[in-house]
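Beneath this line is the structure, given in structure tokens, with notes to follow.
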Amino acid sequence: CGLLHRFGFGLGLVVVDFAFVQVVTFLENAENLNEFYVVAQVEDQVYTNKSFYRDVTTENKFISREDVFWPDDSREAVTFYAVNFGSNDKNYLSDAIFLNNDITPIRNHSIEVPVDDSFNRDLVAAYSVTSANQTTNGIAPLTFNHMLAEVEVYAKADNSANTSYTITSIVFESEDNTRIYHFDTNTWSTGAKDQKIREVPYFRSNGFDVTNANDYVEVVETGSLPGYYFRFMIPGDYTLRVIYRIPTSNDPINKTCEVNLVQNQKNRINLTLTPPVN
């Protein structure tokens with residue numbers, strides 16, 4: 001198997017103006033962003049932390065429940081972190097403050113995330129450092145970047161095999177316990193490790209029949225819409241494990257390969273299924 005195609009996300013950069021005392025302006029290339037959470041720090045202390053939601057009564061605006069004001073000293077540098085709600089509506093910035101009871105996870109401009117977290121939507125983050133006297137009308141711009149890699153798996157039959165295959169499982173495995181996202185560089189690094197293999201399921205069902213030997217076809221269960229199994233995943237190195245069988249045998253065939261999932265890309269993995277080795 002291999003990564004044959006990588007495409008940049010169609011959304012590109014998401015840009016939002018974060019306005020103290022004013023509403024947050026939602027620009028046209030961020031139409032899919034409905035909510036985000038902001039933490040502002042002054043000298044490594046939390047200055048404010050708030051959720052912002054799209055205001056359905058005002059087109060292309062974000063609001064919070066309370067206005068936010070700049071520090072009295074207009075020269076005071078404020079560090080902003082923002083993330084939209086991520087896996088199962090988990091809020092990584094909120095958790096960093098309230099669950100850990102301190103701001104250590106973002107003191108070094110980073111948060112540590114379990115590598116096997118499940119993301120049901122795209123995750124974007126923003127980082128900036130500015131002061132009131134550097135802004136126009138008190139607006140601090142937040143430029144959101146894609147944090148994750150989109151993954152899609154396709155398969156075809158080996159031309160020489162003259163047989164069909166049934167895929168029953170596709171899993172991404174990692175030796176990492178966590179990975180660390182760095183807000184200031186919009187990059188990931190390896191976090192904690194242990195002896196346990198983390199699994200990120202991609203496809204599990206009674207089977208997906210692969211009969212086409214000429215073109216790669218998307219791995220999707222009968223009745224599911226195209227793209228249903230596409231995943232957002234933390235970028236990095238994984239072992240891809242595929243389990244399939246041939247019609248003349250119930251014995252599963254295990255195939256593994258190493259893949260590198262690239263951030264802010266559509267990572268298309270093409271599998272060529274081959275018969276078992278005798």
Side-chain angles (χ1 to χ4, degrees), residues 1-16 28-36 82-92 111-127 143-156 167 169-174 176 178-183 185-191 198-205 208 215-221 224-242 256-272:
C1 60
L3 291 175
L4 183 63
H5 300 293
R6 288 194 175 111
F7 305 98
F9 284 0
L11 185 61
L13 294 181
V14 184
V15 182
V16 178
E28 62 179 3
N29 62 339
E31 61 270 10
N32 293 322
L33 186 62
N34 291 314
E35 65 223 351
F36 58 91
V83 172
N84 68 325
F85 295 160
S87 60
N88 302 318
D89 289 337
K90 180 186 295 183
N91 189 300
Y92 291 98
I111 51 173
E112 197 161 5
V113 182
V115 75
D116 53 352
D117 263 11
S118 173
F119 298 95
N120 53 16
R121 56 180 126 172
D122 196 2
L123 196 62
V124 292
Y127 168 86
T143 301
F144 283 80
N145 295 288
H146 290 281
M147 294 173 64
L148 303 175
E150 184 179 314
V151 184
E152 48 196 62
V153 180
Y154 287 69
K156 74 173 183 178
I167 297 176
S169 176
I170 298 176
V171 177
F172 289 84
E173 300 175 346
S174 173
D176 299 340
T178 60
R179 290 183 184 156
I180 300 171
Y181 177 74
H182 303 270
F183 284 89
T185 59
N186 186 37
T187 59
W188 290 86
S189 62
T190 299
R198 263 61 187 184
E199 293 187 349
V200 183
Y202 181 90
F203 177 86
R204 281 178 180 163
S205 75
F208 170 73
D215 299 308
Y216 290 98
V217 293
E218 181 188 339
V219 178
V220 58
E221 192 170 13
S224 296
L225 295 174
Y228 177 80
Y229 286 93
F230 289 4
R231 293 284 182 270
F232 288 109
M233 292 177 58
I234 296 175
D237 295 324
Y238 292 85
T239 298
L240 179 66
R241 182 176 299 278
V242 184
T256 63
C257 61
E258 304 305 309
V259 295
N260 175 261
L261 303 182
V262 179
Q263 180 182 357
N264 192 30
Q265 299 284 325
K266 291 179 179 290
N267 296 258
R268 174 170 163 174
I269 299 172
N270 290 333
L271 301 172
T272 300

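Because the structure is a prediction, the values reported are computed rather than measured.
Asn186 and Gln263 are linked by a side-chain donor-acceptor pair at a separation below 3.5 angstrom, with hydrogens and angles left out of the test.
With a 4.5 Å cut-off on side-chain heavy atoms, Ile269 and Phe172 count as touching. Annotation: side chain of Phe144 is not in contact with side chain of Asn84 (no heavy-atom distance under 4.5 Å). Taking 4.5 Å as the limit, every side-chain heavy atom of Tyr238 sits out of range of all side-chain heavy atoms of Val151. Contact annotation: the side chain of Phe203 never approaches that of Val153 to less than 4.5 Å [non-hydrogen atoms, C-beta and beyond]. At a threshold of 4.5 Å between non-hydrogen side-chain atoms, the residues Phe230 and Glu218 count as touching. Counting heavy atoms from C-beta on, the side chains of Ile234 and Asp176 never come closer than 4.5 Å. In this structure the side chain of Ile170 never reaches within 4.5 angstrom of the side chain of Phe208, judged on heavy atoms.
A donor-acceptor pair is defined here as one N or O able to donate and one able to accept, closer than 3.5 Å; such a pair exists between the side chain of Arg179 and the backbone of Pro235. A side-chain donor-acceptor contact under 3.5 Å links Asn267 to the backbone of Glu150. Between the side chain of Asn264 and the backbone N or O of His146, no donor-acceptor pair lies under 3.5 Å.
The salt bridge (Lys or Arg N to Asp or Glu O under 4.0 Å) check on Asp116 picks up nothing, with sequence neighbours excluded. Qualifying side chain to side chain donor-acceptor pair (under 3.5 Å) partners for Thr185, counting only residues two or more places apart in sequence or in other chains: Thr187. By the side chain to side chain contact (heavy atoms under 4.5 Å, CB included) test, Ala125 is found to be paired with Val83, Met147, Tyr181, Phe183, residues two or more places apart in sequence or in another chain being considered. Considering only residues two or more places apart in sequence or on other chains, Arg231 meets the salt bridge (Lys or Arg N to Asp or Glu O under 4.0 Å) condition with none of them. Glu199 is linked by a side chain to side chain contact (heavy atoms under 4.5 Å, CB included) to Val171, Glu173, Arg204, counting only residues two or more places apart in sequence or in another chain. Residues meeting the ring-ring contact (aromatic ring centres under 6.0 Å, His included) test with Tyr127, sequence neighbours left out: Tyr81, His109.
Trp188 approaches Leu148 most closely through the heavy-atom pair CZ2-CD2, 4.2 Å. The two residues Ser174 and Val115 have their closest heavy-atom pair at OG-CG2, 4.0 Å.
Rounding to the nearest 0.5 Å places OH of Tyr216 at 8.0 Å from CG of Leu271. Taken from OG1 in Thr178 to CD in Glu112, the straight-line distance is 3.0 Å, to the nearest 0.5 Å.
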